[in-house]
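What follows is a single structure, written as structure tokens, with notes after it.
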Amino acid sequence: MATIDRARIQHLMTRERELFRQRHPTSGELAGDSEWHLLYGVPMNWMTRWPGDHPVFVERAEGARFTDVDGNMFVDLCLGDTGGMAGHAPAIAVEAIAAQASRGITLMLPTADAAWVAREMARRFTVPFWSFTLTATDANRFVIRWARHLTGRPKIAVHNWCYHGTVDETFAALDEAGHVVAREGNVGPPVDLDHTTAVVEFNDLEGLERVLATGEVAACLFEPALTNIGIVLPDEGYHEAVRELCTRYGTILIIDETHTICAGPGGCTRAWGLQPDIVTIGKTLGAGIPSAAYGLSAEMARRVEEATDWDNADVGGTGGTLAGNALSLAAMRATLGEVLTDEAFERMIQLGMRFEQGVQQVIDERGLPFHVTRLGCRIEYLFRPDRARTGSEAAAGQDHELDALIHLYLLNRGILMTPFHNMALMSPATTADDVDRHTEVFDGAAGELMAG
Ligand SMILES: Cc1ncc(COP(=O)(O)O)c(C=O)c1O
């Protein structure tokens, strides 16, 4: 198997940065202006994480493509890190959103869309009772509160190298001695993380049983497959065993489907027949209009309703003034009903397979020490030869220099991947040509990398 020449990466990176500057003069000017009053020079700090001197400024986005302010056109495989998975500005959803906007946006009263969306979420994700938030972060925060309230236990168990939004309990990691510590970069943790959190490796059932047996764990908050440190898939039987352990130790099982909805219309919960007590999800549901939700099993809903202090429910810590607003529900109804349909997922997953095959062929033909992993319509290549089984293994396989080079190389040739890792997502608007274009450019990058 070939090895990658580090000097070659540096050399190509210098060339690609220069090309980026040439292709993006207007973005460069706007980035300069933005530095005066925007913290970090961007509207949200992660927007600094793109390779190149500054982010690309967008002029317009439609379907699976966008055009920047310099007139460059892109195939968008990042899709707002899943927020744009429905494709940008899908006409049917835009119409429904505009119609609702002209009839009222936020009321603190339900519209007819609420019951429709809840019924559809129940059909997809199997748990029957739903409530709405604006972000997946909030959905996770609220169900964590309920889990503590219902069980009287202090801790939430998460996977090492997980990401569940800006949720205090989840920014924990295992140090080399196996102790729970604040994750690197954690800004102002309110308490020491070992008071609030137990951390276990993905696929480590013995480790999970050890922490559940303490009786301190209110809930496991798990993604069915890790998606934020590369895709890490579960071993055969892992989820059945997790379910069994949670039941045995009286721990609530929360499955976060925010990214893993890529596995199908009902996420991994439906695709793999999981049996969570609670499902959380955000990002995709409203075609980009802030929309998120949590769903409860019948038993959880009964326990929550029985434990609700109705006189003080508004200060219980599980709501938001704009949550469940009319605009977000109209957006969800149109998106779930007409855009991210069961049929659309079939096509998106087929395209995901095509993408995976294309990348695999390049890896094989060029003898690259990489591998590609797919979960439904989400695909990722990692710069290590074999698949990771845990978050730690996946983290150890990261190659930030190579990551940045491949990103920039693709970006300079009209393809946008997700900034934190080499992830691609298919939308209902993505075409086979878009996928093949990526394969062609990825092959070009690989060829230049190995040419040294
Ligand atoms: C699995 C998972 N859950 C929750 C979130 C939080 O989503 P948001 O930032 O929209 O609240 C993310 C964000 O990347 C995520 O990947």
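Whatever order the structure lists them in is the order used to number ligands and atoms, beginning at 1. Positions are given from 1, in the same order as the sequence printed here.
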Contact list for residues 205-237, test ring pair (Phe, Tyr, Trp, His ring centres under 6.0 Å), sequence neighbours left out:
His159-Phe222
For residues 226-249, which residue pairs pass the ring pair (Phe, Tyr, Trp, His ring centres under 6.0 Å) check, not counting sequence neighbours?
Phe202-Tyr238, His239-Trp272
Do other residues, nucleotides or ligands put more than 12 heavy atoms under 6.0 Å from the CD atom of Gln275?
no
Tell me, with the steps shown, if Arg437 and Arg413 meet side chain to side chain contact (heavy atoms under 4.5 Å, CB included).
CA-CA 10 Å; Arg437 173 76 185 137; Arg413 289 153 189 83; 3.9 Å; yes
Can you tell me how the ring of Phe442 sits relative to the ring of Tyr381, calling it parallel under 30°, perpendicular over 60° and tilted otherwise?
tilted
Can you pull the ring pair (Phe, Tyr, Trp, His ring centres under 6.0 Å) pairs that have at least one residue in residues 84-114, sequence neighbours excluded?
none
When you look for protein heavy atoms under 4.0 Å from ligand 1, which residues do they belong to?
Thr135, Ala136, Thr137, Asn140, Tyr163, His164, Gly165, Glu223, Asn228, Asp256, Thr258, His259, Lys283
